[in-house]
Amino acid sequence: MTSTPATPTATTAAAETVSAAFPAAESADGTGLHGPVTDWFDEHARDLPWRRPEAGAWGVMVSEFMLQQTPVSRVLPVYEQWLARWPRPADLAAEAPGEAVRAWGRLGYPRRALRLHAAASAIQERHGGDVPREHAQLLALPGVGEYTAAAVASFAYGQRHAVLDTNVRRVFARAVAGRQYPPNATTAAERKLARALLPADEDLAARWAAATMELGALVCTARGPECVRCPIAAQCAWRLAGSPAHEGPARRTQTYAGTDRQVRGKLLAVLREAVTPVPQTVLDAVWHEPVQRARALDGLVADGLVEPLAGGRYRLPLT
DNA sequence: AATCCGTGGGG
DNA sequence: TCCCCAAGGAT
């Protein structure tokens, strides 16, 4: 399973793809990117709790769920509380799902809390309480998609996987494709490129994955990239092309005010704070428009985030 | 493939 | 102020 630098097929495929996208690449790793990026990472990586050895695979998995669309700064305190309360998957699986939703706090997208609880239960039932090591088994868990499966396998278990998140996609778009931003949806070409750029050595591949993510998060940011601090600025295709502005249609701006999501958020905020079941009349006060309010509440119930009780009362789910 | 799903901080 | 967007996943 482990590739070596001498493996002909992998190396050849990588070289072809890379040379097609980046003709000037001639150094040992095919691109000249590995050394500068991993060296930069060694010096500048943040000391995040889920990167410490004691975090374990469960800590890595919890962090990955929380970091799906939520910034590090907001995840940090909730992560610490979560791991202190539920240090193993079995601990979370033994709780009511509503407690996971409550502990999720204001991280947003609370369905992630429900899925993390469901993942903990699945880990308990299918894997004896240990976070599985295999990508396919990780991918089968609730709330674990292509990215999270690769991230856990790579960061927790040191395996060789292409970890393609929004940061890595942006770094590759700029450094290799010469564009300011990656495509809206992840393309086959991006996956192919990510695989081609992945170092053959397993340990180096895992460090490369973390390093490219960190570079995108700290230096090669979406808005104001700090190219003066970038270890690969001299090789960056986008920069060499004169940093051309993004072509094509503007990214779809996600509206929030007045949407069902906002109403769901207001309803759930009330239920999170409540110790006892909440009467319908209290929920009615959070939004003026009755049709949308009812639709939002129905949606929360359908998602399993809210449990309806007799007498028009509601609470976070016990089962 | 396009939409839906929260929340808050920074420019 | 308003707008962008932040370690995605499911349908």
Side-chain angles (χ1 to χ4, degrees), chain A residues 41 45-46 48-51 55 59-79 101 104-116 118-119 138-156 161-171 180-188 190 194 209-218 220-226 246 249-272 286 292 295-296 298-300 302-306:
Chain A
F41 183 64
R46 291 167 292 181
L48 300 170
W50 44 86
R51 287 181 177 160
V60 172
M61 172 167 280
V62 169
S63 77
E64 291 303 336
F65 270 75
M66 293 182 172
L67 288 164
Q68 289 169 3
Q69 301 286 280
T70 302
V72 167
S73 60
R74 246 186 300 158
V75 164
L76 282 169
V78 181
Y79 171 87
V101 174
W104 197 253
R106 309 186 68 81
L107 288 183
Y109 292 146
R111 293 193 293 192
R112 291 181 293 164
L114 228 43
R115 291 176 186 146
L116 182 50
L138 289 164
L139 193 58
L141 296 172
V144 176
E146 183 180 341
Y147 161 75
T148 301
V152 172
S154 181
F155 303 153
H161 291 282
V163 180
L164 204 52
D165 81 320
T166 185
N167 290 304
V168 177
R169 294 182 62 216
R170 187 173 54 248
V171 169
Q180 186 178 20
Y181 297 119
N184 280 326
T186 305
T187 63
E190 287 182 278
T212 47
M213 281 182 65
E214 192 77 336
L215 186 62
L218 297 183
C220 193
T221 55
R223 269 187 277 191
E226 297 187 66
H246 179 71
R251 335 238 303 196
R252 188 174 300 279
T253 165
Q254 57 167 352
T255 56
Y256 179 65
T259 62
D260 286 6
R261 283 152 75 183
Q262 184 183 22
V263 183
R264 286 167 58 109
K266 287 179 174 295
L267 290 170
L268 207 55
V270 171
L271 291 161
R272 271 199 311 265
V286 308
Q292 186 178 29
R295 185 172 65 234
D298 286 348
L300 289 171
D303 287 348
L305 284 162
V306 172

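dG9(C) and dG8(B) have their P atoms separated by 23 Å, with the value rounded to a whole Å. Comparing dA10(C) with dA1(B), their C1' atoms sit 13 Å apart, to the nearest whole Å. Spacing of P atoms, dA7(C) relative to dT3(B), comes out at 23 Å, to the nearest Å. A distance of about 14 Å separates the P atoms of dG6(B) and dT11(C), rounded to the whole Å.
Backbone-only contact: R272(A) has heavy atoms under 4.0 Å from sugar-phosphate atoms and none from a base. L267(A) comes within 4.0 angstrom of nothing in the nucleic acid, heavy atoms only. Note on Q262(A): nothing from the nucleic acid sits closer than 4.0 angstrom, heavy atoms only. If you check every strand for non-hydrogen atoms under 4.0 Å, T70(A) touches a base. Across all strands shown, Y256(A) has heavy atoms under 4.0 Å from base atoms, whether or not it also approaches the sugar-phosphate. In this structure, V144(A) reaches the sugar-phosphate backbone alone: every heavy-atom distance under 4.0 Å involves primed, P, OP1 or OP2 atoms, never a base. No contact: L268(A) has no heavy atom under 4.0 Å from any strand. A222(A) comes within contact range of the sugar-phosphate backbone alone, with a heavy-atom separation under 4.0 Å but no base atom that close. Counting non-hydrogen atoms under 4.0 angstrom, G145(A) reaches the backbone sugars and phosphates but no base. At the heavy-atom level, T259(A) lies nowhere under 4.0 Å from the strands shown. Residue W50(A) is classed as a base contact, given a heavy-atom separation below 4.0 Å to a base.
Computed from coordinates, the W104(A) CH2 to dG8(C) P distance equals 12 Å when rounded to whole Å. The OH atom of Y109(A) sits 13 Å away from the P atom of dA6(C) (whole-angstrom rounding). If you take CD of E226(A) and C1' of dG10(B), they are 13 Å apart, rounded to a whole angstrom. With rounding to whole Å, L114(A) atom CG is found 13 Å from dA10(C) atom C1'. At whole-Å resolution of the value, CZ in R115(A) and P in dC5(B) are 12 Å apart. Distance CZ (R169(A)) to P (dA6(C)): 11 Å, rounded to an integer number of Å. Distance L305(A) CG to dG9(C) P: 18 Å, rounded to the nearest Å. To the nearest angstrom, P of dA6(C) lies 14 Å from CG of L215(A).
Considering only the side chain of P110(A), dG6(B) comes nearest among dT7(B), dG6(B), dG8(C). In the set dA7(C), dG8(B), dG9(C), the nucleotide with an atom closest to the side chain of R74(A) is dG8(B).
Side-chain atoms of R51(A) do not come within 3.5 Å of backbone N or O of A45(A) as any donor-acceptor pair.
Heavy atoms of other residues, nucleotides or ligands lying less than 6.0 angstrom from CD of Q180(A) number more than 12.
Residues V144(A) and A149(A) come closest through the heavy atom pair CG1-N, 3.5 Å. In plain terms, the two heavy atoms of V75(A) and M66(A) that are nearest each other are CG2-O, 3.4 Å. The two residues L107(A) and R74(A) make their nearest non-hydrogen contact at CD2-O, 3.4 Å.
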Q.
I'd like to know whether Q68(A) forms a side-chain hydrogen bond (donor to acceptor under 3.5 Å, both in side chains) with Y147(A), so could you lay out the CA-CA distance, the side-chain angles of the two residues, the decisive distance to 0.1 Å, and finally the verdict.
A. CA-CA 10 Å; Q68(A) 289 169 3; Y147(A) 161 75; over 6 Å; no

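With the nearest nucleotide of DNA chain C identified for both L141(A) and V72(A), V72(A) has the one nearer the 5' end. Toward the 5' end of DNA chain C, the nearer of the two residues Y181(A) and T148(A), judged by each one's closest nucleotide, is Y181(A).
Phosphate contact (OP1/OP2 of dT7(B), side-chain N/O of R111(A), threshold under 4.0 Å): absent. OP1 and OP2 of dA7(C) both lie 4.0 Å or more from every side-chain N or O belonging to S63(A). Listed pair R223(A) / dG10(B) fails the phosphate criterion, with no side-chain N or O lying under 4.0 Å from OP1 or OP2. Contact annotation: Q69(A) reaches the phosphate of dG8(C) (side-chain N/O to OP1 or OP2, under 4.0 Å). Contact check, R112(A) against dC4(B): no side-chain N or O comes under 4.0 Å of OP1 or OP2.
L300(A) contributes atom CG, which lies 8.0 Å from atom CG of L271(A) (distance to the nearest 0.5 angstrom).
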